[in-house]
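If you read the sequence from its start, that first residue is 1, and numbering goes on from there.
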Amino acid sequence: LFDAVNCLAKENARLLVLGRKHMLMNSSNWKRETMKEMQNKADFFFAENISEDDAFLLYATLRSGKHCRFVTRDFLRDHKACLSDSLTRHLFRKWQRGHQIGFYSSADGRSINFLPAFRYDCVVQTTGDTWHIPYKDVFEEKYSYQVPRKWLCIQQK
């Protein structure tokens, strides 16, 4: 969390960190000095320790407007499963792809790398006699918000 806050704060982004109240207790996982340093770079909201914090994340992201992005390791599967129909689930996944920033640790584990949210919809797109098709050249398990980053361009002659 400390590395993520520091990295995102360098981009002058306004940050809201959603956590649980246990993070305020000085412990081996949550050092008081480290928490204070992060609180100087971001706003924090601490929910009860037994709360479902995903609801806070979704509300804060939606309430903050179209420009808002969020970072979480959660794939929000439980929330998609609660949606009543396939169209609503599809719209949720589309919204998620456009707002969730992915991240992974570098090979040496010393830094965090972020994958930006998509600014476009990752579906087959056409203009006239040209098609742009997203694809993956290697089969691998993926999560619903992860989409191919390569495109095949086909033009009819």
If you define the side chain from C-beta out and look only at heavy atoms, does anything of D78 sit under 4.5 Å from D54? no
Please tell me if the side chains of T130 and C153 come closer than 4.5 Å, counting only heavy atoms from C-beta onward. yes
Would you kindly confirm whether V17 and L24 end up in one hydrophobic cluster when ILVMFWY residues are joined by side chain heavy atoms under 4.5 Å apart? yes
Supply the atom-to-atom distance N49 CG to R20 CZ, rounded to the nearest 0.5 angstrom. 7.5 Å
Classify the ring geometry between F70 and W95 as parallel (under 30°), tilted (30 to 60°) or perpendicular (over 60°). parallel
Hey, what do you get for OG1 (T61) to CD (Q100), rounding to the nearest 0.5 Å? 9.5 Å
Hey, does L58 have a side-chain heavy atom less than 4.5 Å from the side chain of F92? yes
Inspect the surroundings of CD1 in I50 and state if more than 12 heavy atoms from other residues, nucleotides or ligands are less than 6.0 Å away. no
L8 versus K41: any side-chain heavy-atom pair under 4.5 Å? no
Roughly how far, to the nearest 0.5 Å, is CG of N26 from NZ of K31? 6.5 Å
For the pair R69 (side chain) and H67 (backbone), establish whether a donor and an acceptor sit closer than 3.5 Å, ignoring hydrogens and angles. yes
H79 versus D74: any side-chain heavy-atom pair under 4.5 Å? no
Report the distance from atom CG of L15 to atom CE of M38, rounding to the nearest 0.5 Å. 11.5 Å
F2, CZ atom: more than 12 neighbouring heavy atoms under 6.0 Å: yes
What's the separation between atom CE in M35 and atom CE in M23, rounded to the nearest 0.5 Å? 4.0 Å
Polar side-chain atom of Q96 near backbone of F75 as donor-acceptor pair, under 3.5 Å: yes
Could you walk me through whether L16 and F56 satisfy the side-chain contact (heavy atoms from CB on, under 4.5 Å) test, starting with their C-alpha distance in whole Å, then the side-chain angles of each, then the deciding distance to 0.1 Å, before giving a yes or no? CA-CA 11 Å; L16 172 63; F56 293 104; over 6 Å; no
Are any of the side-chain heavy atoms of L91 and L83 separated by less than 4.5 Å? no
What's the shortest heavy-atom distance between A42 and V5, and which atoms? CB-CG1, 4.4 Å
Correct closest heavy-atom pair for F46 and Q39 would be CE1-NE2, 3.7 Å
Verify same cluster id: W30, F44 (apolar side-chain graph, 4.5 Å): yes
In one Ile/Leu/Val/Met/Phe/Trp/Tyr side-chain cluster, 4.5 Å: I101, L18: no
Output yes when a side-chain donor or acceptor of H90 lies under 3.5 Å from a complementary backbone atom of D85, and no otherwise. no
Interatomic spacing from NZ in K80 to OG1 in T88 - rounded to 0.5 Å: 13.5 Å
